[in-house]
Number of protein chains: 4
Amino acid sequence: MASRGVNKVIIVGNLGNDPEVRYMPNGNAVANLSIATSESWKDQQGQQQERTEWHRVTMYRRLAEIAGEYLKKGSQVFIEGKLQTRKWQDQQGNDRYTTEIIADNMQMMGGRNDSQGQNGQGNYQQRPQNNQSVQSNQSPPSQAPQGTGGFNQGQSAPSNQPTNTPKMSEPDIDFDDDIPF
Amino acid sequence: MASRGVNKVIIVGNLGNDPEVRYMPNGNAVANLSIATSESWKDQQGQQQERTEWHRVTMYRRLAEIAGEYLKKGSQVFIEGKLQTRKWQDQQGNDRYTTEIIADNMQMMGGRNDSQGQNGQGNYQQRPQNNQSVQSNQSPPSQAPQGTGGFNQGQSAPSNQPTNTPKMSEPDIDFDDDIPF
Amino acid sequence: MASRGVNKVIIVGNLGNDPEVRYMPNGNAVANLSIATSESWKDQQGQQQERTEWHRVTMYRRLAEIAGEYLKKGSQVFIEGKLQTRKWQDQQGNDRYTTEIIADNMQMMGGRNDSQGQNGQGNYQQRPQNNQSVQSNQSPPSQAPQGTGGFNQGQSAPSNQPTNTPKMSEPDIDFDDDIPF
Amino acid sequence: MASRGVNKVIIVGNLGNDPEVRYMPNGNAVANLSIATSESWKDQQGQQQERTEWHRVTMYRRLAEIAGEYLKKGSQVFIEGKLQTRKWQDQQGNDRYTTEIIADNMQMMGGRNDSQGQNGQGNYQQRPQNNQSVQSNQSPPSQAPQGTGGFNQGQSAPSNQPTNTPKMSEPDIDFDDDIPF
DNA sequence: TTTT
DNA sequence: TTTT
């Protein structure tokens with residue numbers, strides 16, 4: 001109910017690979033995504049520079065299933081979650097630490113990146129089957145006072161379907177053995 | 001379950017007045033807070049400038065009760081929520097709009113950092129009695145999927161449908177005359 | 001340099017109309033966008049409910065120009081900015097208040113919404129001419145567009161010094177009659 | 001100017017130790033902070049559970065100096081920044097990765113809410129030496145402590161304790177053996 | 001109306 | 001290692 005602190009991460013980036021979805025013994029899904037965000041700037045010499053940051057994102061349950069179904073390599077996605085560093089042992093028995101973003105909210109961007117119908121986009125939040133987690137942002141209309149309604153609500157409609165998303169950077173190959181991420 | 005879009009606000013500021021707490025017919029608490037954030041900068045003349053922004057924040061249920069109990073004029077607080085503009089009519093019958101931050105997460109600041117006693121500070125998130133809304137950030141160890149099955153729901157979660165969503169919103173009557181904020 | 005408080009808004013939504021871009025006497029661009037975010041949930045009766053929230057977003061300088069060039073009705077966009085409520089007088093001389101999101105960072109989603117090549121997407125932030133980094137939250141009164149001319153305009157904001165900051169943003173003339181948004 | 005993606009972290013937590021401040025050859029300060037955020041919940045058995053997450057935070061220049069001057073073990077602070085994972089080699093020559101939060105905005109919490117004196121609190125953001133505004137998300141390589149001296153390393157540096165940090169940044173001597181964080 |  |  002009460003905790004001390006805020007631990008929030010928000011990223012908008014592209015998947016370097018298709019999501020990896022596994023299932024727990026209890027049937028819950030777990031998805032691992034590798035998402036890239038990049039920033040570019042000019043250095044002192046006026047040279048354009050770019051740096052790509054790869055984020056390891058983990059999702060559970062329904063969110064994991066949705067990711068596995070709608071996201072793929074190259075997909076652009078908005079992720080909201082928290083940071084979590086877990087400890088593990090490598091083959092030599094050394095302690096290792098891997099930091100991941102545990103997602104609790106996801107918004108697929110750009111609709112179709114494979115150009116078809118319209119869909120495959122939307123905001124999904126953790127919404128445990130029993131009644132756990134979740135997020136409030138979208139929670140019911142909390143106080144929803146509205147009333148009339150009126151205009152504009154049509155909502156605007158998005159569009160952006162034809163997203164020919166990209167090759168993205170780096171093949172992102174490898175990620176071998178010992179590397180936690 | 002799914003929504004399109006992200007609507008998030010994060011502020012850290014000070015209360016301009018003690019929280020105003022009211023109770024709905026159904027017994028739920030509603031709190032209204034006026035929170036200031038300010039920024040300062042130097043203008044071209046090198047003059048120090050400052051601008052204060054006042055935010056109208058609304059909280060419901062448990063969060064409202066906690067605010068009423070622990071916050072007061074001058075308190076520094078971290079608020080996370082969403083924007084919501086509601087329409088109302090002024091005395092002349094004109095449509096008016098007021099934008100508020102509907103909070104779903106609160107972190108009282110200012111614990112003792114000067115090493116003395118301790119006090120009421122901590123992070124509180126919407127955690128409806130029935131089991132609605134809420135936020136995930138703090139949700140149980142969300143990563144913790146494995147294992148059993150159900151668990152986790154402990155607090156964290158909310159479940160979105162069984163949301164006894166509420167009438168909540170209460171007409172929001174009152175708020176006097178003409179001033180929206 | 002130092003300010004008290006944090007005032008941050010993050011939304012991902014769709015434009016309800018094409019951006020409205022105007023130019024200040026000093027040549028700086030100002031763009032007004034109407035962006036929708038929506039959330040859906042099931043009420044107690046199990047009925048699917050939806051609520052759309054419309055956000056008024058204002059951008060300055062370079063960001064405004066980019067918005068005018070690449071965004072259109074329906075475009076999905078990520079916006080980061082701060083809340084700002086400005087006071088104005090309606091025709092009856094009554095005080096009115098309108099809350100806007102002053103954007104300092106924008107990320108066009110979904111690449112092409114018109115289906116062509118790949119592009120038209122990317123993250124743009126307020127970035128002073130000298131080419132530093134920037135962001136507005138704390139930045140000087142990023143909204144501060146007006147005034148002279150010159151500098152900083154690069155994009156909206158930053159620079160913390162030469163900001164001819166302002167007495168708030170432009171009168172915001174125009175916007176018709178009575179409706180604040 | 002333009003980048004693809006958003007990489008943002010927001011935490012509110014307490015320092016586990018006094019900040020470690022070092023200076024680069026070029027005179028720029030670099031601070032390493034270890035900040036804890038915790039969440040609590042009840043497990044299936046109704047047992048109160050708690051999990052603490054430790055975040056490694058790195059700041060540069062002015063922000064680093066302010067942190068060194070005003071923060072200390074136990075201080076509560078709001079941090080906004082971006083995630084950055086740097087690669088380094090351990091003694092066995094294995095690749096290791098450490099994820100840090102490169103801060104570009106800081107708000108010291110805990111001013112007096114109990115009405116007494118006043119103190120060192122406030123929001124400080126990255127503000128390049130030339131005195132512009134700044135922020136890092138998009139900012140150029142904000143970590144890029146320009147100037148000479150091996151700049152950019154700026155970023156890697158830190159390590160707050162056991163970091164066998166890497167070549168990257170600065171000598172970054174010390175920091176023991178194998179543990180990255 | 002807060003805070004610095 | 002913090003904090004509650």
Side-chain angles (χ1 to χ4, degrees), chain A residues 1-7 85, chain B residues 11-20 32-41 48-57 66 70-77 79 107-113 115-124 138 179 181, chain C residues 1-7 85, chain D residues 11-20 32-41 48-57 66 70-77 79 107-124 160-163 179 181:
Chain A
M1 193 158 203
S3 358
R4 265 201 69 75
V6 171
N7 176 358
T85 297
Chain B
I11 63 172
V12 174
N14 297 279
L15 276 71
N17 287 298
D18 287 345
E20 291 176 25
N32 286 296
L33 290 73
S34 188
I35 300 178
T37 57
S38 61
E39 52 180 345
S40 56
W41 70 94
Q48 191 64 23
Q49 299 292 339
E50 181 168 0
R51 185 182 201 284
T52 293
E53 191 65 38
W54 286 96
H55 307 270
R56 179 185 182 76
V57 177
I66 294 171
Y70 297 102
L71 299 179
K72 63 181 186 200
K73 180 176 180 176
S75 295
Q76 186 182 27
V77 68
I79 294 288
Q107 168 80 44
M108 295 183 275
M109 321 260 62
R112 223 94 278 40
N113 12 315
S115 68
Q116 280 146 97
Q118 51 116 292
N119 77 340
Q121 59 175 286
N123 181 328
Y124 300 87
Q138 80 231 50
I179 305 172
F181 183 41
Chain C
M1 195 158 203
S3 1
R4 265 200 68 76
V6 171
N7 175 358
T85 297
Chain D
I11 64 172
V12 174
N14 299 278
L15 276 71
N17 287 300
D18 288 345
E20 292 176 24
N32 286 296
L33 289 74
S34 187
I35 300 179
T37 57
S38 62
E39 52 180 344
S40 55
W41 71 94
Q48 191 65 22
Q49 299 292 339
E50 181 168 1
R51 185 182 203 285
T52 293
E53 191 65 38
W54 287 94
H55 307 270
R56 176 188 183 77
V57 177
I66 293 171
Y70 298 103
L71 299 179
K72 63 181 185 199
K73 181 176 179 176
S75 295
Q76 186 181 28
V77 67
I79 294 288
Q107 167 81 43
M108 294 183 275
M109 321 258 63
R112 219 86 295 43
N113 10 319
D114 31 346
S115 68
Q116 287 149 91
Q118 49 116 295
N119 77 340
Q121 61 175 286
N123 182 328
Y124 301 88
N160 43 92
Q161 61 294 29
T163 300
I179 305 170
F181 183 42

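Throughout, a chain's letter reflects where its sequence line sits, starting with A, and its residues are numbered from 1.
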Answer with base, sugar-phosphate or nothing: what part of the nucleic acid does D/Thr37 contact at a heavy-atom distance below 4.0 Å?
->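 No contact.
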Any side-chain heavy atom of D/Glu39 within less than 4.5 Å of one from D/Gln49?
->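 No, side chains not in contact.
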Are B/Lys73 and B/Leu15 side-chain neighbours, meaning at least one heavy-atom pair lies under 4.5 Å?
->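 No - every pair of side-chain heavy atoms lies 4.5 Å or more apart.
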List the atom of B/Met108, the atom of D/Gln76, and the distance in Å for their closest heavy-atom pair.
->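 That closest heavy-atom pairing would be O-NE2, 3.8 Å.
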Distance, rounded to the nearest Å, where [X] contributes [atom1] and [N] contributes [atom2]:
{"X": "B/Met108", "N": "F/dT4", "atom1": "CE", "atom2": "P", "value": "11 Å"}
{"X": "B/Gln76", "N": "E/dT3", "atom1": "CD", "atom2": "P", "value": "11 Å"}
{"X": "B/Glu53", "N": "E/dT1", "atom1": "CD", "atom2": "C1'", "value": "13 Å"}
{"X": "B/Ile11", "N": "E/dT2", "atom1": "CD1", "atom2": "C1'", "value": "12 Å"}
{"X": "B/Lys72", "N": "E/dT3", "atom1": "NZ", "atom2": "P", "value": "10 Å"}
{"X": "D/Arg51", "N": "F/dT2", "atom1": "CZ", "atom2": "C1'", "value": "15 Å"}
{"X": "D/Gln48", "N": "F/dT4", "atom1": "CD", "atom2": "P", "value": "16 Å"}
{"X": "B/Asn14", "N": "E/dT4", "atom1": "CG", "atom2": "C1'", "value": "9 Å"}

With a centroid cutoff of 5.5 Å and a plane-angle limit of 30°, would you call B/Trp54 stacked on E/dT1?
->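 Stacked: centres under 5.5 Å apart, planes under 30°.
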Closest to the [X] side chain: [options]?
{"X": "D/Asn17", "options": "E/dT2, F/dT1, F/dT3", "result": "F/dT1"}
{"X": "D/Ser34", "options": "E/dT1, F/dT1, F/dT3", "result": "F/dT1"}
{"X": "D/Ser38", "options": "F/dT2, F/dT3, E/dT2", "result": "F/dT3"}
{"X": "D/Ala36", "options": "E/dT2, E/dT3, F/dT2", "result": "F/dT2"}
{"X": "B/Lys73", "options": "E/dT2, E/dT3, F/dT3", "result": "E/dT2"}

Listed by chain and number, what are the side chain to side chain donor-acceptor pair (under 3.5 Å) partners of D/Ser38, not counting sequence neighbours?
->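 Partners of D/Ser38 under the side chain to side chain donor-acceptor pair (under 3.5 Å) test: D/Glu50.
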Is there a donor-acceptor pair closer than 3.5 Å between any side-chain N or O of B/Gln107 and the backbone N or O of A/Arg4?
->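 Between the backbone of A/Arg4 and the side chain of B/Gln107 there is no qualifying donor-acceptor contact (under 3.5 Å).
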